[in-house]
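Everything quoted here is computed from the prediction, not taken from an experiment. Labels below follow one simple rule: chain letters A, B, ... track the order of the sequence lines, proteins then strands, and each chain is numbered from 1.
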There are 2 protein chains.
Amino acid sequence: MRPENETDGQPKRSFIEQARRAQIIAAAVEVIAEVGFVKASLARIAAHAGISKGVISYHFAGKEELMAQIVTQVYSDISEAVVPRILAEENHNAMIRRHIIAVAEHMSGHRDQIAALGEIFSHLRKDNGEPYFDTDSSAPLYEGLEGLYRSGQESGAFRDFDPRVMAVTQQSAIDAMFAYWVANPGHDLDAHAAELAELFDRATRASDTD
Amino acid sequence: MRPENETDGQPKRSFIEQARRAQIIAAAVEVIAEVGFVKASLARIAAHAGISKGVISYHFAGKEELMAQIVTQVYSDISEAVVPRILAEENHNAMIRRHIIAVAEHMSGHRDQIAALGEIFSHLRKDNGEPYFDTDSSAPLYEGLEGLYRSGQESGAFRDFDPRVMAVTQQSAIDAMFAYWVANPGHDLDAHAAELAELFDRATRASDTD
DNA sequence: CTAGATTCTGGCCATGCGGCCAGAAAATGA
DNA sequence: TCATTTTCTGGCCGCATGGCCAGAATCTAG
């Protein structure tokens, strides 16, 4: 039996439980990165972690929760590493460049994480079959970029484009960069990021005549 | 029993067989677009087409071949509609713009097709679990864009960027546009395409000082 | 030391899937 | 008309999966 501490809000977790959850998440990331979402069964993840299958069921409500936790974990790692570096920049043009370059630099040391994230994004579905992560659930992510674009437009650093379209495009360009890198490990990630930074700088920057 | 005409090269197909294959492909596209790849079982596709499940097995070697045929079909439709319009342009900058706008115009009347295509791309795997369509299998697609970029660079229309990165980025931007549109049917596809055309024109165009 | 809470094991079960097949039905052609 | 080929039906089979549970093992506190 599982202790019921979920009377309100967040369940309390013992240290052992936190450690187990972290271990399972780490194992799941490695397995998904290696064999893909579809073949990453609970049995396989458990075997990779050196534990029994039931342990996963014990610590997570189901496969869905495990996957969602992976996404949460990776996302917060990224934010922690990238956001401060963006905010350290002093003008909007530099912030755009920094966003792309910082996330690439961070991910270059965490390839399994970004590979697993891509798999989960495209495969995880709710029971009714709808995507777990669509453009709406990513809204907070886009809103950050959109806000940056809008304020840059107000300051005159950026030309007059549709911020939503630009945000969707920049995010997709970054995702594609990682997908390409995951499929082609020899690819030069930093060089790719530098190209993207130049690309979006030119695409967003106000013309001299504007 | 199935007649064996596959002695060499392409199997001969009767008119009835061609019609059935087309019917099944059409049904599969609709089902995938509606319920997603994972829930699009052969049984469901057959029911939607009003035929027995075995018919699909009879006309296609397996689910894999059916999915591959869908991709082939949709791709050739796109090429037929878009390529001539690109070639009709007279300079490289206009060709880039036309590529984006023409594909969006074509797809605006074929939403199920592009929705199914996205599902198949991200879900279809070989037996060994590897993606059926990765960046390498899309190489012919990229090579077309890359060639366009290179010749534009030689002519001086484009600045000096990495053609591979630009091709991957432009394709991902277009894919993201469709994905956003599929998830948000009210989205203005033509306006989005116009924004992208402007974006990539600015990103690729040679500076006055180059 | 001991009782109770916590964590783990290993296997069972229902479900849904794709592939397959024997025989029915329909089309073909002489 | 009737034999032969082509097409279709409906169900069966093996397989893999995620969820679940009874009982064992381990830890904790009094």
Using nucleotides 7-16 of chain C, report all nitrogen or oxygen pairs with the protein that are shorter than 3.5 Å.
| unit_1 | atom_1 | unit_2 | atom_2 | d |
| --- | --- | --- | --- | --- |
| C:dT7 | OP1 | A:Ser14 | OG | 3.0 |
| C:dT7 | OP2 | A:Tyr58 | OH | 3.1 |
| C:dC8 | OP1 | A:Arg20 | NE | 2.6 |
| C:dC8 | OP1 | A:Arg20 | NH2 | 3.0 |
| C:dC8 | OP2 | A:His59 | NE2 | 2.6 |
| C:dT9 | OP2 | A:Ser52 | N | 2.8 |
| C:dG10 | N7 | A:Ser52 | OG | 3.1 |

- Query: Does a side-chain N-to-carboxylate-O contact under 4.0 Å join B:Arg164 and B:Glu146?
  - Reply: yes
- Message: Salt bridge check, A:Glu154 against A:Arg150: does any charged N sit closer than 4.0 Å to a carboxylate O?
- Response: no
- Item | Residues A:Glu119 and B:Arg125 bridged, charged N to O under 4.0 Å | yes
- Message: Tell me the interatomic distance from B:Lys63, atom NZ, to C:dC20, atom C1', rounded to whole angstroms.
- Response: 17 Å
- For A:Asp201, which residues count as a salt bridge (Lys or Arg N to Asp or Glu O under 4.0 Å) partner, sequence neighbours excluded? A:Arg97, A:Arg205
- Compute both the distance and the angle, then confirm whether B:Lys63 meets the cation-pi test with B:Phe37: under 6.0 Å from the six-membered ring centre, within 45 degrees of the axis. yes
- Note on the structure: In whole angstroms, the gap separating P of D:dC8 from CZ of B:Phe60 amounts to 12 Å
- Item | Distance-only polar pair, side chains of A:Tyr149 and A:Gln170, donor-acceptor under 3.5 Å | yes
- Note on the structure: From CD1 of B:Ile24 across to C1' of D:dT7 the rounded distance in Å is 11 Å
- Task: Quickly work out the A:Arg21 CZ to C:dT6 P distance and round it to whole Å.
- Result: 16 Å
- Could you tell me the separation between the CD1 atom of B:Ile45 and the C1' atom of C:dG18, rounded to a whole number of Å? 11 Å
- Message: Just the rounded figure in Å: distance from P of C:dC21 to CD1 of B:Ile56.
- Response: 18 Å
- Task: Measure from CD on A:Glu64 to C1' on D:dG19 and round the result to the nearest Å.
- Result: 13 Å
- Item | Length of the CG-P vector between B:Leu66 and C:dG19, whole Å | 10 Å
